[in-house]
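Residues: numbered from 1 along the sequence shown.
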Amino acid sequence: MHRPIKYAEKGLTYVAKGVWAAFERANRIRPNPAFTPKWSDQPLLKSYQKVKPPLGWPRTTDSLCPRCVPEIRQQIVDGKVPHEILLNERVGEIKARIIERDGKILMVKDCPKHGRFEDVMSMDPAFFKHLEQVFPGSDIRAHNDEKLHKHGSSTIKYGRGSVLTVDLTNRCNMMCDPCFMDANQVGFVHELTWEDIKTLLDNAISIKPRRQMSVQFSGGEPTISPYFLDAVRYARKVGYNSVQAATNGIEFAKNPEFAKQAAEAGLRYAYLQFDGIGNAANEHRKVGNLFDVKLRAIENLHAAGVEIVPVTTIVNGINNEQVGRIIQFALDNPKKIAFLSFQPVSFTGRDEEVTDERRAAQRYTLSHLAHDVKIQTGLGEPTRDWFPISFIGTFSDWSDLVHGPDKDWGSLSCGCHPNCGIGMAVMVDKETKESAPVTAFLNGPQLAKDVARVNDAARGKWLSITGMALALMRNYDPFKAPTQFRLIDLLQKFDKTWGATGKDYGKVSGDRGWDDIEKRRRDRWNFLFIAGMWFQDLFNYDFRRTERCIIPYATQEGEISFCAYNTGVGWRNIIEMMLMTATLTKWYEEHGRHEIFAGGKAVNLPSNDHSLVLKDELVTTEVQHDLDALGIAKTAREEKIRARHDKLQQQQENERMARLYRQHVLKEEAGPEPQLLQLGLGGPKKPTAPASPQLQINQAGKPEPNREVSGAGYGD
């Protein structure tokens, strides 16, 4: 039955190629000028007008010294140096070279004071080259932004971004490694007031180009902010149709009513921390039943109408073996999961002082992700099916053209540097579970070139829609698509994504209802997007990436690049300290202590039942052991304990040698032999590591007696 349809569709692709040739020739005759839409004070860019940073290698860029920057930042935090130094001087900046050596792409840089630093950018030069070759260029330069983009060499220069991140609080109900912000460990609370939240959201829509950005409420854990639901509701009110929460899911898992309230307030997506399949795969987060929490959160959120995006922080040697299992879990549950986000570890926050040894062992790049997906699932060819997420910019340009100059908002556009993020789209049959990478049956690079020609001609709505349809048809191979996938399904998928024809696929605007949610979910085909977003740290920092950031943080000191805020010069540390709400002690006195799940404490769930497909062979029953034989610490906490242990051992050895000198050279009477102090690490050890967990590390990085982790005041 399906074979004749495939042959008929193949014939249509040949017809489309012929019609396209005539259409494209006509399109080249006197192309229309670009119009200036309401949401921008500058005209839409033609493809040939888009700017690109220096690409290829060897090349030179501006970076930071991993040792100078923390020193300068601490001086600012301590009040010894004004933070304005970051606006007027290039503090801690050094040149870096991007080179190829031994089959890898490396960043190499030299600091006159601290010496040489090297780190891996990619373990596959061909993949690295492919991503840079298909980069379409940057978005319209940001304007009307002088009050919010004012951060010296860290200033965002292009576009409006894709996801505006708003940290509602630095409080969290977990104590994770890794953690961008070192939550619960900084000794103070920084929490936005209701007036702060409204001001940040109001300010955000003043920047142009004003695109339909997603707003992601984050933290800490945003759901423990007393204003979480109000913030979601207000973001919808001012015009953002994609409101998200970056969450560990605990509150949603504990209370299905809370998930329902969030959905009714306007929450569309939950970016759910999700590090692997099974409690053992999440053991490094130190919550006894964390995977059970994730399953209940997915169940409650989906039932409430919220879409779920599992977000995985990948650390080599900790959970890189989970990549394939997570993807297979999504493929087994296509009606509930339509997006996966993998985030290779960034050594910042708790991990900024990582040793070179652990950094080399745990470093994971976007190239590792693309290859692991192929090795562990058989899905995708790295240089055929993976693209920089900025690749979508060409299609956003087409959407802007189709919607015309009177639209209040532009289409969401990802104009970030090609080294920042990648994605692969997989078409999944929700009924049969059959799947295939979209670019296995659709020629992605050629399609983008064709659509760019349609955009450059700027012929208006319906001719532009016709051009897109012809481009899709001529680049489509029906025999490589899933068995029951049809050409009409492809055309409808693009229309549903960009809302070009005005057909009702279910509203996504602030007034959407349950009927709209169900209508969108009835689509047989799941366009599963597997994304990789690699945030920078001080060892691979590149200012050409920072200035193109698409995930700005909205703060009380303006909008700041994600990487410049969490790492880089470290604006988070400076702003939160400058504008702290209260010391932790003062906060506890006035508000009490919130519950924290750490040290293996389990979350009390009303039920562990779920309706998700969970195959036994995917469930991990023991932690990953790659680093054990190497004797490498797995977390920042372990490293601090080991450093303290080594220091004490050295002190003891010095004392022993001094004692022997006094006894045998100076002939002094020998005193009692000092006892050796043992410090416990827990988990696999180096040969010199102690055997039992006896000490914790406090905020100053010093060991102290282990406290019972009830969750009430852990980390204070």
Given the rule in the side-chain hydrogen bond (donor to acceptor under 3.5 Å, both in side chains) test, do Glu221 and Thr169 qualify, once you have shown the distances and angles that lead to the verdict?
-> CA-CA 7 Å; Glu221 171 55 40; Thr169 178; over 6 Å; no
Step by step, would you call Arg296 with Glu299 a salt bridge (charged side-chain N to carboxylate O under 4.0 Å, His left out)?
-> CA-CA 5 Å; Arg296 279 308 312 166; Glu299 197 74 24; 5.4 Å; no
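Using bins of under 30°, 30° to 60° and over 60° for the plane-to-plane angle, the ring pair Phe562/Phe535 lands in the parallel bin.
Under a 4.0 Å N-O distance rule, the pair Arg59/Glu132 qualifies as a salt bridge. Classification of Asp385 and Lys374 as a salt-bridged pair fails, no side-chain N sitting under 4.0 Å from a carboxylate O. No salt bridge links Lys104 with Glu118; every basic N to acidic carboxylate O contact stays at or beyond 4.0 Å. Electrostatic pairing of Asp537 and Arg359 does not count as a salt bridge here, judged by no charged N lying under 4.0 Å from a carboxylate O.
Aromatic ring centroids of Phe329 and Phe274 lie under 6.0 Å apart. You'll find the ring centres of Phe128 and Trp57 inside the 6.0 Å limit.
Looking at residues two or more places apart in sequence or on another chain, you find no salt bridge (Lys or Arg N to Asp or Glu O under 4.0 Å) involving Asp292. Remark: Tyr364 pairs with His368 by the ring-ring contact (aromatic ring centres under 6.0 Å, His included) rule, at least two apart or across chains. Residues meeting the side-chain contact (heavy atoms from CB on, under 4.5 Å) test with Val134, sequence neighbours left out: His130, Phe387, Pro388, Phe391.
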